[in-house]
Amino acid sequence: MERITALMKTVLVLAIVLHAAAIKDPDIWQECQIESATLCGAGGCKPVAPTLKLFLGDYVGESGRRAGYYYRCRRGNLCDIVDDPWIGESGGYRAFVMRDRGVIARVGADNSVTDVATIEDIVLISRGRCWKTQRPRVERIVERAN
């Protein structure tokens, strides 16, 4: 009895991982104001003026299925919109991940946010605070062909 079999250890580890990844409170609607930003490239990192506002949501949709959104907005309320990003929770924070866009946003239990975006070989790290809000109405940024 004192010895735990390899199978029991595996089941225990899987249960811990699944518990950590489970979303405890899926109805989250947040607006986040970026207070500081750092731009990093091959020459190092430097502070830059913050110009973004984020809107993050994790909720149960009409179909009963979990859904989410991530809006990264510039001045004038023009936004990059990601519907249904991957959302996970672990260690007291919730992560919104958009792999195809090179973006991850992490919201802590204290409502702090860290947003990391990669643009080719440049990384933008933005930090700020979030608060509960309603889902915003925003205008999608339209990309123009050159």
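Count residues from 1 along the sequence.
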Enquirer: Measure from the side-chain N and O atoms of R74 to the backbone N and O of K53, and report whether any donor-acceptor pair falls under 3.5 Å.
Expert: no

Enquirer: Atom CD1 of I81 and atom CZ of F55: how far apart are they, to the nearest 0.5 Å?
Expert: 10.5 Å

Enquirer: Measure the CD-OG distance between E35 and S126 for me, rounded to the nearest 0.5 Å.
Expert: 11.0 Å

Enquirer: Please give me the minimum heavy-atom distance between G57 and I87, naming the atom from each residue.
Expert: O-CD1, 3.8 Å

Enquirer: As an exercise, state the distance from SG of C73 to CG of L54, rounded to the nearest 0.5 Å.
Expert: 8.0 Å

Enquirer: For the atom pair CZ (R106) and CG (L56), what is the distance rounded to the nearest 0.5 Å?
Expert: 13.5 Å

Enquirer: Counting N and O atoms only, with roles assigned by atom type, does the side chain of N111 sit under 3.5 Å from a partner on the main chain of R129, one being a donor and the other an acceptor?
Expert: no

Enquirer: Does the side chain of Y70 reach to within under 4.5 Å of the side chain of M98, using non-hydrogen atoms?
Expert: yes

Enquirer: For the SG atom of C40 and the CD1 atom of I125, what is their distance to the nearest 0.5 Å?
Expert: 4.5 Å

Enquirer: I need the single residue from V116, D115, T118 that forms a side-chain contact (heavy atoms from CB on, under 4.5 Å) with V103. Which is it?
Expert: D115

Enquirer: Decide yes or no on side chain to side chain contact (heavy atoms under 4.5 Å, CB included) for W86 and F96, but give the supporting numbers first.
Expert: CA-CA 6 Å; W86 182 88; F96 294 77; over 6 Å; no

Enquirer: Taking the inter-plane angle between the rings of W29 and Y59 on a 0 to 90° scale, is it parallel (under 30°), tilted (30 to 60°) or perpendicular (over 60°)?
Expert: parallel

Enquirer: Of all heavy-atom pairs between Y93 and G108, which one has the smallest distance, and what is that distance?
Expert: CB-CA, 3.9 Å

Enquirer: Tell me the closest heavy-atom pair linking R66 and D84, and the distance in Å.
Expert: O-OD1, 4.3 Å

